[in-house]
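When a ligand or atom number is given, it counts from 1 through the structure's own listing order.
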Amino acid sequence: MTPPPRNGTYAAVSEDPARAMALPGSAYSDPFVFAAERERVLRGGWIPVARLDQLAAEGDYACSDVAGAPVVALRGKSGTLRVLSSVCRHRGMPVVSGEGRTEVLTCPYHLWRYGLDGALLSAPAMQGSEVFNPKDCRLPELRSEAWGGWLWVNANGGAKPLADTLSDLSARLEPLEPERMVTIGVIELESPWNWKVMVENFLESYHHIGSHAGTLQLTHPGLGTFEGDGSDAFTLIENPPADPQGRGFVVAGVFPLGLMFFTEDEAPVGAWYQMDRLLPDRFRLRIHLLAAPALAGLPGFAEGYLEQLNAVHAEDIAACEGVQAGVTSPEYRPGPLSVLERPIWRFHRHLALRMNGE
Ligand code: FES
Ligand SMILES: [Fe+2]
C-alpha cells in the first residue's frame, strides 16, 4: 500500500480552470510525492514504450523503464506484440538492453535464456538446485495496447482501455496518420529536472513568446495557440501558423507521459518525447523524430530535421533548467496559470484524480 502524498501537494488543484495555479514546490522535490506518483500515476496509467515501426519484424525489441521497472517491448512469434518485465528471474539483472532483433533473450549475467513469450528455455548448472523449476521463472507479461502507432503499457493492469479514452484525440489526428509515420532519428539526453517540468513545458505554447522568440514564435506565435480539445486522459494544443499560407502543428499529451507533436503539412513530420528512468530530479529523454513515409528516404532530410529540433530543444532545456532551480528553491510560490496553459491545468487535474485514488 502506497502512503498518501504528504502535505496536500495535489489538494489545491482547482476544479475551475479560471482558478488554476502552478503546483507547489513539493511536487518537484518531495521523494514521498514521487513515490506515490510512481505507483498511482505511472504504474496506473498508460505509458508509450515503443513505436510499432521499431517492432516491425519477429524478434524486434526495444527496452525502456516504467516507474523504475525495466521492461522490453517486442514482437514475438506469429507477430504477437508484448511488453515483458525484463528483470531476470535469477538475480534480477535486466536480461536485455537497448533495441535490436533476437530470437532469444539471454541474460548477460549467467546466461539464462528466455523465449520471446517470456518462458525460461535454459539455465546453466541449475541441476543441483532442489528449488529450481523453470516454469516458475517466466518473465511476467504486462498489459499492453497499440494505439496511434505506439505500443503502450499499463503496469498495474487497472487502467481503462486506452483507445476508449482517446477516441476524440484519434479523430483529430486521423488526417495526419500518426500510425503510418516512421522513425528517422533519435536524440537522447539526460534531463536533470523533475519529469513534470518537462511535461508542463511541452503542454503549452505560451512560452513561444519568450523561450522561442527567435524560432517558433516567428512561425507559430504563442498568443495564437489554444487548447483544441481535452479530457481527463489527454490534451491537444493547436498551433496556427503566423503566415495564413503556412501550416500549423498539433501538440498532444496523453497523460501522464505520452508527449507528441505533428505538423499539418501534406507530408507531416512529428516527434515523440519518450521519458523513462524517472527520479525526483531527473529522467532520460529520447526525442524520436517521426516523418511521413514519403519523406523518410529523402537525402539529408533527417539530418536537417534533427538540427532544427535540436536548436528548438536547446531553448526548452534552458527553460526547464531554470524552472527546476526555481521550483525547488525556498522562495518559490506557485503562480496563477494563463488560459493558454489550460492543458497544464488538465494535466494537474489528472494527477490530482490519480493521486487521490480515482
Ligand atoms: S541474473 Fe540473469 S542469469 Fe543470473
Ligand atoms: Fe518549447
Side-chain angles (χ1 to χ4, degrees), residues 63 69-72 84-97 102 104-115 118-129 131-134 136-140 187 189 191 193 195-227 235 237-239 242 248-253 259-263 269-273 275 285 287 289 305 308-324 337-338 340-341 343-344 347:
C63 294
V71 299
V72 57
L84 301 175
S85 160
S86 61
V87 177
C88 186
R89 298 302 305 270
H90 178 218
R91 279 171 47 211
M93 177 84 180
V95 299
V96 59
S97 59
T102 186
V104 173
L105 302 169
T106 303
C107 179
Y109 205 1
H110 313 94
L111 306 183
W112 285 29
R113 295 166 70 248
Y114 300 87
L120 183 67
L121 303 177
S122 65
M126 292 303 295
Q127 302 82 343
S129 166
V131 289
F132 172 65
N133 179 352
D136 296 338
C137 298
R138 211 186 166 88
L139 299 175
I187 303 168
L189 296 160
S191 300
W193 40 88
W195 66 280
K196 296 185 297 301
V197 170
M198 181 82 244
V199 175
E200 290 164 354
N201 175 265
F202 199 87
L203 294 185
E204 53 92 354
S205 301
Y206 184 23
H207 73 277
H208 288 191
I209 62 175
S211 296
H212 303 303
T215 53
L216 290 173
Q217 173 65 10
L218 304 175
T219 54
H220 300 84
L223 302 188
T225 64
F226 59 96
E227 188 187 48
T235 179
I237 303 113
E238 301 283 355
N239 294 256
F249 70 92
V250 179
V251 172
L259 304 182
M260 60 193 78
F261 73 76
F262 306 102
T263 67
V269 294
W272 164 37
Y273 284 49
M275 300 161 65
L285 176 64
I287 304 176
L289 284 65
Y305 182 32
Q308 205 184 340
L309 204 51
N310 253 324
V312 170
H313 189 67
E315 296 170 341
D316 286 313
I317 288 176
C320 292
E321 265 176 4
V323 167
Q324 176 71 13
L337 300 184
S338 160
L340 299 179
E341 294 164 302
I344 294 183
F347 172 52

Proximal atoms of ligand 1 relative to Trp112 (non-hydrogen, under 4.0 Å): 3 (S)
Side chain Arg113, main chain Ser122, donor-acceptor under 3.5 Å: no
Identity and separation of the nearest protein heavy atom to atom 1 (S) of ligand 1: Arg91 N, 3.4 Å
Met198 side, atom CE; Gln324 side, atom CD - distance, nearest 0.5 Å: 12.5 Å
Non-hydrogen atoms of His208 and His220 that approach each other most closely: ND1-O, 2.8 Å
Interatomic distance, Leu218 atom CG to Leu216 atom CG [nearest 0.5 angstrom]: 8.5 Å
Nearest to atom 4 (Fe) of ligand 1 - the N/O/S atom of His90, by atom name: ND1
N, O or S from His313 under 2.8 Å to the Fe ion (ligand 2): no
N, O or S of His208 under 2.8 Å from the Fe ion (ligand 2): no
More than 12 heavy atoms of other groups within 6.0 Å of Tyr109 OH: no
Vertex atom 2 (Fe) of ligand 1, arms to Cys88 SG and Cys107 SG, rounded to 10°: 110°
Nearest option to atom 4 (Fe) of ligand 1, as decided by whichever heavy atom of His110, Met126, Arg113 sits closest: His110
Atom indices of ligand 1 within 4.0 angstrom of Met93 heavy atoms, with elements: 1 (S)
Presence of N, O or S from Asp316 under 2.8 Å of the Fe ion (ligand 2): yes
Contacting atoms of ligand 1, where contact means under 4.0 angstrom from a heavy atom of Tyr109: 1 (S), 4 (Fe)
Leu111 CG to Cys88 SG distance, which is reported to the nearest 0.5 Å: 10.0 Å
Neighbour count above 12 (heavy atom, 6.0 Å) for Tyr206 OH: no
